[in-house]
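One structure is given below, encoded as structure tokens.
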Protein chains: 2
Amino acid sequence: MSATEDAATAMGSTPLSVAQTRIVTAALTLFEQHGVSGTSLQMIADAVGVTKAAVYHQFRTKEAIVVAAVEMELGRLEEALDAADASGRDQRAVETLLTQVIDLAVGRRRMVSTLQHDPVIARLLAEHKPFQQFMERFFRAMLGGKNDPTARLRVAMLASAIGGAVTHPLVTDFDDATLRTELIHLTRQFLEGES
Amino acid sequence: MSATEDAATAMGSTPLSVAQTRIVTAALTLFEQHGVSGTSLQMIADAVGVTKAAVYHQFRTKEAIVVAAVEMELGRLEEALDAADASGRDQRAVETLLTQVIDLAVGRRRMVSTLQHDPVIARLLAEHKPFQQFMERFFRAMLGGKNDPTARLRVAMLASAIGGAVTHPLVTDFDDATLRTELIHLTRQFLEGES
DNA sequence: GTCTATAGAATGATAGAC
DNA sequence: GTCTATCATTCTATAGAC
């Protein structure tokens, strides 16, 4: 409970103040509805209930808000990643990590798609050094020691399948618990075919 | 070859003129780089090499351009879908459709993510009647007669896995042929687990 | 930490000439 | 089919008062 309300951000950046956390939280909701480009500072300010100038006092640019938002979301993965890195690099460690990834993806459903596919965030993940390193670390853990083309494609498919399925129109009627159970089941099935 | 250059749009709408086709093609490239909201009419006009007013003469609104663009892309799926609907509703028909979907996804890599995840297009697919019906038809074909929750999640994962994998950072170094072969292989493997 | 007020550029969209 | 010119609106961002 307190972990969800914690304002600390990941990847060694300065923790957020209460006012900053309010802005980032509101921004995230708008980003998932309209995308980053489709969200103006005015919309964010209105959602928080302050003026644009107040938002600019907390973040110098719109990009700074996006960075803080991505940091906040990736921070949720960091704990799971730490545990995975500590518990070796075998198949069982990968499955434990996958379960936590699924938990996060189901719990934050609508957020995941934005994080994975918004063009602005994609560019940020590719160009911003700390994000680059974090994603490399994440994929390394998901690969569990392997690195052949088939293994890489398998991880790419798995990450996309989980992230995409949780918001897919065919699945919107699933409650979280059912979605979680079924996702774990089908994910395991996909991994069983592994050579 | 002539099929790729054909300006005809799907879903019963008016075919596009040459000028309109030029605009929609340029718009699609920009949409995949910046998203729909991140693409202005000025950017589209510049890419085509005309003024904004010339673009407005061809399409009354920006939304009309987006609709035409989505129609053009979904049109590529329509042929495969017709064949699938004609060849029954068994497991083999689904596998044939899947192969064609993979071919399309690999061939148009960067486009797929935009179509599946851009918030403006997502809203359009959900609210625009002809798109709604087309997507329903597509999912029905992919389900191959089934409709239980597990089957729906399986299709959701499959569609997301294919659409997401083709642009995934872990797979950017794959050439089209390799990506196609491996995707078909892993997709079949995923389906073999089916009960 | 928030406000009012504003600068300066870019946005979607229209009118009318060629 | 394309142009120039312009509309009202919105955008990011800043200055300065409280």
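Chain naming here is simple, since letters A, B, ... match the order of the sequence lines and numbering starts at 1 in each.
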Tell me, for nucleotides 3-18 of chain C in 5' to 3' order, what letter each nucleotide earns: B for a base near a protein heavy atom under 4.0 Å, S for only sugar-phosphate near one, - for neither? BB------SBBBB---
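The pair A:Arg140-A:Asp85 fails the salt-bridge criterion, with no side-chain N (NZ, NE, NH1 or NH2) lying under 4.0 Å from an Asp/Glu carboxylate O. Using a 4.0 Å cut-off between charged nitrogen and carboxylate oxygen, A:Glu79 and A:Arg76 do not count as a salt-bridge pair. Ionic pairing of A:Asp82 and A:Arg137 is present here: one or more N-O contacts between side-chain nitrogen and carboxylate oxygen are shorter than 4.0 angstrom.
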Could you go through residues 162-171 of chain A and list every donor-acceptor pair under 3.5 Å that involves a side-chain atom there, pairing it with any protein atom two or more places apart or in another chain?
unit_1	atom_1	unit_2	atom_2	d
A:Thr167	OG1	A:Gly164	O	3.4
A:His168	ND1	A:Leu170	N	3.1

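A close approach under 4.0 Å does not occur between any side-chain nitrogen or oxygen of B:Gln20 and OP1 or OP2 of D:dG1.
Checked against ring-ring contact (aromatic ring centres under 6.0 Å, His included), B:Tyr56 has no partners two or more places apart in sequence or in another chain.
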